[in-house]
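Atoms within each ligand, like the ligands themselves, are counted from 1 in listed order.
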Amino acid sequence: MIGFDLEHISRVKDEERLLKKIATTDEIAYIEKFKNRKEKVVSLWAVKEAVFKCLNVESGSFSFKDIELNHLENGAPIIILHGKAKDFAKGQRVEISLSHTKDIVGAVAVLVKD
Ligand SMILES: CC(C)(COP(=O)(O)OP(=O)(O)OC[C@H]1O[C@@H](n2cnc3c(N)ncnc32)[C@H](O)[C@@H]1OP(=O)(O)O)[C@@H](O)C(=O)NCCC(=O)NCCS
């Protein structure tokens with residue numbers, strides 16, 4: 001399965017509220033390092049929406065915090081699933097790719113069976 005999401009940065013009015021709703025403690029700490037905080041929060045949201053879509057489940061099936069975005073040393077994004085999201089993946093892993101313009105962030109997620 002594949003999941004894809006686009007979000008407009010300017011349409012998010014309260015990025016701090018969004019961050020609290022969707023982010024794990026580690027993701028919040030990672031975002032603290034950047035000046036373009038709002039872009040990072042919206043891009044995290046797009047990632048989680050894309051991953052949600054690739055899992056092919058009903059809305060509200062698990063918490064946003066069950067999907068965790070992390071990074072390799074070279075900056076490449078990786079996804080770690082927890083809780084119910086991990087259960088829905090049934091041993092498969094998720095690969096993710098992200099892209100940004102000035103106002104739009106896009107994310108694509110693929111559920112992969114090894
Ligand atoms: C369903 C949802 C993904 C739609 O997102 P949106 O920002 O309103 O709309 P988008 O344009 O990004 O996506 C719409 C498309 O998503 C697809 N879609 C709808 N439900 C879906 C589902 N359960 N799984 C995968 N894709 C879905 C459809 O193709 C839809 O397009 P269509 O209406 O033309 O058929 C969103 O409302 C949602 O429920 N998100 C997950 C909420 C959630 O459970 N969060 C916690 C875990 S991350």
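Residues Val57 and Leu111 share a single hydrophobic cluster, defined by chaining ILVMFWY side chains whose heavy atoms lie under 4.5 Å apart.
Under the 30°/60° scheme for interplanar angles, the aromatic rings of Phe62 and Phe88 are found to be tilted.
Salt-bridge formation is not detected for the pair Glu15/Lys40: no Lys NZ or Arg NE/NH1/NH2 atom is positioned less than 4.0 Å from an Asp or Glu carboxylate oxygen.
Residue pairs that meet the salt bridge (charged side-chain N to carboxylate O under 4.0 Å, His left out) test with at least one member in residues 104-114, sequence neighbours left out, are Arg93-Asp114.
Within 4.0 Å of ligand 1, protein heavy atoms come from Asp5, Lys48, Glu49, Phe52, Lys53, Val57, Ser59, Gly60, Phe62, Phe64, Ile67.
With Glu68 contributing its side chain and His82 its backbone, the two residues share no donor-acceptor pair below 3.5 Å.
Lys102 NZ to Ser10 OG: the interatomic distance, rounded to the nearest 0.5 Å, is 9.5 Å.
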